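Lettering follows sequence order; numbering is per chain, from 1. Fair warning: this is a prediction, and the values are worked out from it, not measured in the lab.
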2 protein chains.
Amino acid sequence: MKRIVRATVLVRPKAGILDPQGAAVENALGHLGFSVSGARVGKVIDLEVDAADEGAARAAVEKMCEQLLANPLLESFEVTIG
Amino acid sequence: MKRIVRATVLVRPKAGILDPQGAAVENALGHLGFSVSGARVGKVIDLEVDAADEGAARAAVEKMCEQLLANPLLESFEVTIG
């Protein structure tokens with residue numbers, strides 16, 4: 001029997017990969033008077049997965065990351081279940 | 001004395017707010033054969049903040065969210081320190 005499992009995926013630019021959006025955020029925060037020495041911007045994706053259990057949900061979400069949600073050359077991903 | 005404090009901000013579309021990017025992700029995952037009944041896409045922002053301590057860092061990051069990182073009409077934010 002399948003049920004709905006909530007999963008959260010964080011997709012971040014890998015270290016060393018240029019992140020223009022992060023640079024823009026850092027710059028804008030500086031102009032607003034905040035003391036920030038680094039900013040990186042990625043995506044958070046909240047999913048409701050139909051799966052038999054949490055293990056199956058995690059396996060499915062990792063496949064989703066590899067196939068669609070993250071670009072493995074440029075981005076790393078982190079999956080949290082529940 | 002100030003030191004560098006790491007902070008992570010999650011910015012998500014509020015419930016009830018249209019999220020076309022999330023709808024596109026849900027649709028694409030369905031086409032790839034995954035059973036997903038919901039997808040919402042937001043931003044993760046990793047910051048290095050110059051602050052006296054973690055409390056001061058949290059206060060600064062919450063101000064950053066209100067002033068720049070999140071649109072309070074459309075988005076909610078969640079700050080994690082450390």
Side-chain angles (χ1 to χ4, degrees), chain A residues 1-15 17 19 21-52 56-70 75-80, chain B residues 1-15 17 19 21-52 56-70 75-80:
Chain A
M1 212 183 66
K2 295 208 169 184
R3 60 191 178 89
I4 288 179
V5 180
R6 285 171 194 276
T8 297
V9 181
L10 299 182
V11 179
R12 293 178 160 110
K14 283 188 177 170
I17 297 291
D19 173 23
Q21 204 184 346
V25 163
E26 186 178 340
N27 199 261
L29 288 172
H31 281 295
L32 288 170
F34 293 107
S35 293
V36 170
S37 54
R40 306 276 286 170
V41 177
K43 283 173 291 184
V44 53
I45 304 153
D46 293 304
L47 296 167
E48 294 180 0
V49 185
D50 302 318
R58 177 178 294 276
V61 173
E62 285 176 357
K63 262 196 190 163
M64 292 175 205
C65 290
E66 287 158 13
Q67 290 184 30
L68 182 79
L69 301 176
E75 298 169 321
S76 63
F77 63 83
E78 188 185 326
V79 176
T80 313
Chain B
M1 213 183 66
K2 294 208 170 185
R3 59 189 180 91
I4 288 179
V5 180
R6 285 172 194 276
T8 298
V9 181
L10 299 181
V11 179
R12 294 180 159 110
K14 283 188 178 171
I17 298 290
D19 172 22
Q21 205 184 345
V25 164
E26 187 178 339
N27 200 261
L29 288 172
H31 282 294
L32 288 171
F34 293 108
S35 292
V36 169
S37 54
R40 306 277 286 171
V41 177
K43 282 174 291 184
V44 54
I45 303 153
D46 293 304
L47 296 168
E48 293 180 1
V49 185
D50 302 318
R58 177 178 294 276
V61 173
E62 285 177 356
K63 260 195 192 164
M64 293 176 205
C65 289
E66 286 157 13
Q67 291 185 29
L68 181 81
L69 301 176
E75 297 168 321
S76 63
F77 63 83
E78 189 185 324
V79 176
T80 313

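- In this structure, no portion of A:E26 lies under 4.5 Å from any heavy atom of chain B.
- Residue B:K63 holds its NZ atom at 11.0 Å from CG of A:L32, rounded to the nearest 0.5 Å.
- Of all residues spanning residues 7-14 of chain B, those with a heavy atom less than 4.5 Å away from chain A's heavy atoms are B:T8, B:L10, B:V11, B:R12, arranged by number.
- Note on A:V61, A:V41, A:V25: by heavy-atom pairs under 4.5 Å with chain B, the leading option is A:V41.
- Counting heavy-atom pairs closer than 4.5 Å to chain A, the top residue among B:L69, B:V49, B:L68 is B:L68.
- Taking B:V5, B:L29, B:V44, B:I45 one by one and counting their heavy-atom pairs under 4.5 Å with chain A, the maximum is reached by B:V44.
- For B:R3, there are no salt bridge (Lys or Arg N to Asp or Glu O under 4.0 Å) partners two or more places apart in sequence or in a different chain.
- Only the side chain of B:I4 comes within contact range of chain A, with at least one heavy atom under 4.5 Å from a heavy atom of that chain.
- Heavy-atom pairs under 4.5 Å with chain A peak, among B:G22, B:A28, B:G42, at B:G42.
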